Amino acid sequence: METLEFQSEARQLLQLMIHSIYSNKDTFLRELVSNASDALDKLRLESFRDKDMQVDVDDLHIVIESDPAERTLTVRDNGIGMTREDVVGLIGTIAKSGTAEFLKQLKEQQSGSASDLIGQFGIGFYSSFMVADKVTLVTRYPHAEKGVRWESTGEATYTIDDVDDAPQGTSVTLHLKPSDDEDRLPDYTEPAKIREIVKRYSDFITWPVRLGGEDINSRKALWARPASEVTEEEYAEFYRHVSHDWNAPLETIRMQAEGTFEYQALLFLPAQAPMDLFMRDGKRGVQLYVKRVFIMEDCAELMPEYLRFVKGVVDAADLSLNVSREILQQDRQIQLMRRRLVKKVLSSIKSLMGTRPDDYAKLWGEVGAALKEGLLSDADNRDAILDVCSFASTHSEESLTTLAEYVSRMKDGQEHIYFMTGDSRVAVEKSPHLEALRAKDFEVLILTDTIDEMWVDSVPAFDGRTFQSVAKGQVDLETDEEKSANEARTAEFADLLTWMKEQLEDSVKEVRLSSRLTTSPACVVGDSYDITPTLEKMYKAMGQELPKIKRILELNPSHPLVEGLHKAFAGGERDGLADTAELIHGLALLAEGGELADPSRFVKLVADRVQRTF
Ligand code: ADP
């Protein structure tokens, strides 16, 4: 028997494990099972390459045994095993580059955040020392005559010895520390506990994991099986498992990337929005696996917030099992992967649109409002998102329209995509702002989701056509003749407009003639960069103080009420005209579903006016 010293960096890492800075101790079993699984993969590969290898590969498996009386836990595999040199080289030292730097950083950190840093590093086999005060490893490489026995308490040294009758493969026996609820050290000899950990972290590894003669992992990593071999029911069952949604998924998306950064993804689009879709602390992201080993739930680094309804699994081949969120956020490969996942999801929705329009409509109805958030947050994919958006429009009462369909219906000479935001379809449809567009038969998108108020200001255009609110700025719909006629009229009305502005100074910043009205006397509009009344209401509901926003009053010079006012004003009359001006402003506010500052005063104005006609 020989006693050897750990390499100094290995010693430091072991100290960290013994003093267990890493809070989730269950992970030691994940690491051991993952090592065993790798060893089985390697043996199978070797046996393919080397036909003369005298090994039995018919029943490759992992066995977990526990002995509550002795307080031991053993993880055994009949895989590739290790030679004596392997054991000294692999277990006694840390060969990984960057270890020194890692340990240096670790020392500079407060102990509390060390568990973040440790994620940069596969903690691997050494994690056994989080839960054990002594570890015994017995292993034999297929061609080696003798096996090797390694043992250590994780302090400065380990012993190494030959064993005559070691079976092929490796067994790792942990002499467990006393279990202790306060220190959050569960009893790892408990079969239920072992089963739970294996189920959580190792359910999909390729090889059977046995406990008491029973296979305890399902091994069904659907994403690793050829698509043609997986049934709809299997996908649906797995979808329920990852999403907690009882319905079958609307669409299943599979991805496979080979090359320097290998990964597989199995993603689902829901038929019904997740319950927590619009909850502040709702679940985000997909599950992350590394080579069939479960790493984390809700990996938000792989899926942007606006695609939070996408559920599923991403299995990356080249990450450390102990990767942390901090590392995922910084990792360039992860960002690249995320970009490809997003593109794939968006292109899947687009193809759904073409091939199964009813399913697309269902999906849009459930998650469209979330998806539209991407128009604000994901500028890179803005066009792809616009492509899969649908909106209500004046074109049809029942069905929604895509922007491409809108554009295909645009009239000659129509430059913009017109839209109006508001609380409801009815409010928007009835609003006076739409009159001239309706008269010209121009289609208007009806945007009633809260998010619509936001994205319309930041999305410049679709397919080269800019978005134009019909309730903001000047709507330029007139022909040249209409324009010159209007200019003449504006000159005619100039004095009235100036006078009215003075009368209504407290609530409007300008009074002008409108080109958007045909039947209503007046409407109020915002400047291009003003926030809309709905948005103003939202901010106020959130308790935000806003400066008073004055809007623009537009008059319809052809309306009898406005004509009458003009005539009386031109004739020098001023008596009661201020009331009429106020009345017209009130009517404009009511017509768009807005609120009056002083309803009882308005009622009095109307009553007086009506009386005069008797
Ligand atoms: P990692 O698995 O991240 O490489 P570990 O410290 O867990 O780090 O293991 C170090 C090395 O020891 C492994 O890369 C592998 O070569 C070897 N090893 C560990 N466990 C086994 C096992 N059960 N069978 C064969 N080799 C093993």
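Start at 1 and go down the list; that is how both ligands and their atoms are numbered. All figures in this text were calculated on a predicted structure; none of them were measured in a lab. Position 1 is the first residue of the sequence; numbering continues from there. Values reported hereafter were calculated over all heavy atoms of this structure, with side chains retained and with hydrogens, waters and symmetry mates removed.
For Arg382, the side chain to side chain donor-acceptor pair (under 3.5 Å) test picks out no residue, with sequence neighbours left out. Every ring-ring contact (aromatic ring centres under 6.0 Å, His included) that Trp223 has, sequence neighbours left out, goes to Phe204, Phe238, Tyr289.
Within ligand 1, counting atoms from 1 as listed, the ones closer than 4.0 Å to a heavy atom of Lys42 are 16 (O). Numbered from 1 in the order shown, with element, the atoms of ligand 1 that lie under 4.0 Å from a heavy atom of Gly124 read 7 (O). Numbered from 1 in the order shown, with element, the atoms of ligand 1 that lie under 4.0 Å from a heavy atom of Leu90 read 11 (C), 12 (O), 16 (O), 17 (C).
Note on ring orientation: taking the six-membered ring where Trp is involved, the planes of Trp150 and Phe6 are perpendicular (angle over 60°, cut-offs 30° and 60°).
Atom-to-atom distance recorded for Leu321:CG and Arg30:CZ is 5.5 Å, nearest 0.5 angstrom.
Contacts between Asp77 and ligand 1 below 4.0 angstrom, taking non-hydrogen atoms only, involve the side chain exclusively. At a 4.0 Å heavy-atom cut-off, ligand 1 does not touch Glu31 at all.
Relative to atom 5 (P) of ligand 1, the option among Phe125, Tyr141, Tyr126 with the closest non-hydrogen atom is Phe125.
Other residues, nucleotides and ligands place no more than 12 heavy atoms under 6.0 Å from the CZ atom of Arg340.
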